[in-house]
Colleague: 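Right, I'll just put the structure down here and ask away after.
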Amino acid sequence: MDKDGTLKIDWDEWREYLLLHPSQNIHDIIAYWRHSTVIDIGENVIVPDDFTEKELQSGMWWRYLVAGGTAGAVSRTCTAPLDRLKVLQQVHGKSGIRSGFKHMLEEGGVKSLWRGNGINVFKIAPESALKFSFYENIKSLFKKDKHELGMAERFISGSLAGAISQTIIYPMEVLKTRLAVRKTGQYKGIFDCAKQLFGIEGVSCFYKGYIPNLIGILPYAGIDLCVYETLKSMYLARSKSKQDPSIFVILTCGTISSTCGQLTSYPLALVRTRLQAHGASHTMTSMFKDILRKDGFRGLYRGLTPNFMKVAPAVSISYVVYEHTRTALGVSST
């Protein structure tokens with residue numbers, strides 16, 4: 001539809017698109033664009049946006065969630081070796097990509113590359129359902145007499161929904177980390193891991209790292225949005241032409257803003273992972289001090305390389321699987 005690559009649709013583009021579009025129902029077209037957006041509030045925390053009253057009542061919404069959950073499960077499984085390498089670097093500080101993979105293969109074989117992936121996939125369903133439910137309920141508090149919500153209201157709703165759902169499923173996050181860093185034969189499975197942790201460390205161990213995890217949600221989303229809008233405004237202010245920025249400029253702004261969001265919140269993610277992995281009675285502050293004392297400022301960004309390496313394949317796989325799954329479920333893409 002966007003022939004001139006400005007990421008905005010003018011009247012001529014809209015008219016030409018409709019003339020050649022196979023659907024004769026304008027509502028089908030609007031429904032597709034309505035569901036083409038999500039609110040990203042950090043690592044693995046994406047809130048689906050936005051369902052009509054008819055879709056909520058008819059049950060169509062669950063098909064989108066199933067499609068999204070399937071896409072998440074496949075993409076996480078495909079990129080699990082990089083995710084485990086990231087966790088090991090965060091916790092143990094393994095030297096590099098090659099040496100990290102070599103260590104995993106020598107210690108536990110090929111299967112060890114997927115340690116922790118089972119519960120990472122298992123928690124998708126409850127996490128998605130909780131985020132969706134809380135997001136819709138919080139949005140309804142803002143709506144009242146309004147027909148559409150603004151970006152700020154959606155951002156607040158998404159952040160709160162993510163925070164509440166993360167609070168409920170957080171013990172699974174701890175189990176995922178412990179399973180990822182475990183040695184061969186240490187645990188028989190998910191339930192054995194939970195039983196041993198409860199017996200040795202008590203209930204409190206299932207919420208280790210909870211505070212930095214919660215704090216990290218807002219900086220990621222807020223900085224991402226802020227940097228994106230600032231860069232785009234700076235480009236428009238300095239550009240001699242009055243035309244909208246090209247798709248290259250938009251993508252560049254988006255890439256830089258997303259990277260800034262990740263770089264800002266990454267130290268909190270690293271501290272969260274270390275607190276989850278270690279049974280010692282560290283606090284968030286003491287863990288920060290310990291990392292800075294032993295590894296310096298660079299220590300706060302251990303595991304960043306495999307984290308960035310998994311982004312492109314994860315997004316690509318997720319998109320392809322999502323489109324095929326929702327088609328199979330009878331959700332039209334028009």
Side-chain angles (χ1 to χ4, degrees), residues 42-46 69-125 127 166 169-194 196-197 205-206 208-209 212-213 216 262 265-279 287 291 295 298-318 321:
E43 185 182 4
N44 295 330
V45 189
I46 296 177
T70 304
V74 174
S75 67
R76 288 184 190 190
T77 301
C78 291
T79 58
L82 284 169
D83 191 56
R84 187 178 180 226
L85 177 61
K86 178 197 74 174
V87 173
L88 288 174
Q89 286 188 347
Q90 287 178 329
V91 176
H92 300 305
K94 300 298 178 186
S95 55
I97 304 294
R98 184 178 295 180
S99 61
F101 275 116
K102 185 180 178 181
H103 166 78
M104 288 190 287
L105 291 169
E106 288 177 350
E107 195 275 331
V110 176
K111 283 180 66 177
S112 70
L113 298 177
W114 277 268
R115 278 183 189 166
N117 183 60
I119 194 163
N120 199 27
V121 170
F122 177 75
K123 70 185 179 70
I124 290 175
E127 187 177 18
Q166 282 280 291
I169 61 96
Y170 192 77
M172 293 187 189
E173 294 280 355
V174 176
L175 288 173
K176 175 218 162 186
T177 300
R178 291 297 182 98
L179 288 167
V181 300
R182 82 183 191 272
K183 295 178 181 179
T184 301
Q186 187 175 355
Y187 303 120
K188 295 177 183 178
I190 295 171
F191 293 106
D192 182 56
C193 177
Q196 288 194 42
L197 290 180
C205 78
F206 293 107
K208 283 189 177 294
N213 179 71
Q262 288 194 44
S265 62
Y266 191 82
L268 287 164
L270 182 137
V271 168
R272 174 203 66 197
T273 303
R274 286 216 176 174
L275 288 170
Q276 289 173 344
H278 296 300
M287 183 61 77
I291 294 170
D295 304 320
R298 287 182 62 185
L300 295 174
Y301 288 91
R302 285 196 181 278
L304 188 64
T305 302
N307 187 59
F308 277 139
M309 285 175 64
K310 74 173 185 174
V311 171
V315 170
S316 304
I317 293 166
S318 219
V321 175

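Hydrogens, waters and symmetry mates play no part in the numbers below; they use all other heavy atoms, side chains included.
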Colleague: Considering only heavy atoms from C-beta outward, does the side chain of Tyr301 approach that of Leu270 to under 4.5 Å?
Modeller: no

Colleague: Compare all side-chain heavy atoms of Pro267 with those of Val271 and state whether any distance is below 4.5 angstrom.
Modeller: no

Colleague: Could you tell me the separation between the OG atom of Ser112 and the CD atom of Glu106, rounded to the nearest 0.5 Å?
Modeller: 10.5 Å

Colleague: Rounded at 0.5 Å granularity, tell me how far SG in Cys193 sits from NZ in Lys188.
Modeller: 13.5 Å

Colleague: Mind checking the CE-CZ spacing from Met172 to Phe206? Nearest 0.5 Å is all I need.
Modeller: 11.5 Å

Colleague: Please say which of Ile124, Ile317, Asp83 ends up in a side-chain contact (heavy atoms from CB on, under 4.5 Å) with Arg76.
Modeller: Ile124

Colleague: Side chains of Asn120 and Trp114, heavy atoms from C-beta outward: is any pair under 4.5 Å?
Modeller: no

Colleague: Give me the atom names and distance for the closest heavy-atom approach of Ala73 to Val121.
Modeller: CB-CG1, 3.7 Å

Colleague: Are a donor atom and an acceptor atom from the side chains of Tyr170 and Gln276 found within less than 3.5 Å of each other?
Modeller: yes

Colleague: Does the side chain of Ile97 come within less than 4.5 Å of Pro306's, by heavy atoms?
Modeller: yes

Colleague: Go through the steps to decide whether Asn213 and Gln166 satisfy the test side-chain hydrogen bond (donor to acceptor under 3.5 Å, both in side chains), and finish with yes or no.
Modeller: CA-CA 9 Å; Asn213 179 71; Gln166 282 280 291; 3.1 Å; yes

Colleague: Flag the pair Glu173 and Arg272 as a salt bridge only when some basic side-chain nitrogen lies within less than 4.0 angstrom of an acidic carboxylate oxygen.
Modeller: no

Colleague: Roughly how far, to the nearest 0.5 Å, is OG1 of Thr273 from NE2 of His278?
Modeller: 10.0 Å

Colleague: Kindly indicate whether the side chain of Leu197, heavy atoms from C-beta on, has any atom under 4.5 Å from the side chain of Tyr187.
Modeller: yes

Colleague: Quick check: closest heavy atoms across Ala71 and Val321, and the distance to 0.1 Å?
Modeller: CA-CG1, 3.6 Å

Colleague: For residues Lys176 and Arg84, determine if any side-chain heavy atom of one lies less than 4.5 Å from a side-chain heavy atom of the other.
Modeller: no

Colleague: Do Pro212 and Leu275 have side chains that get closer than 4.5 Å, going by heavy atoms?
Modeller: yes

Colleague: Do Asp192 and Arg178 sit within salt-bridge range, that is, some charged N less than 4.0 Å from a carboxylate O?
Modeller: no

Colleague: Where do Gly189 and Leu179 come nearest, in terms of heavy atoms and distance?
Modeller: O-CD2, 4.1 Å

Colleague: Nearest 0.5 Å, what's the CD-CD1 distance between Gln90 and Ile291?
Modeller: 9.0 Å

Colleague: Roughly how far, to the nearest 0.5 Å, is CZ of Phe101 from CG of Leu88?
Modeller: 10.0 Å

Colleague: Check this for me: does any side-chain nitrogen of one of Arg115 and Glu107 sit under 4.0 Å from a carboxylate oxygen of the other?
Modeller: yes

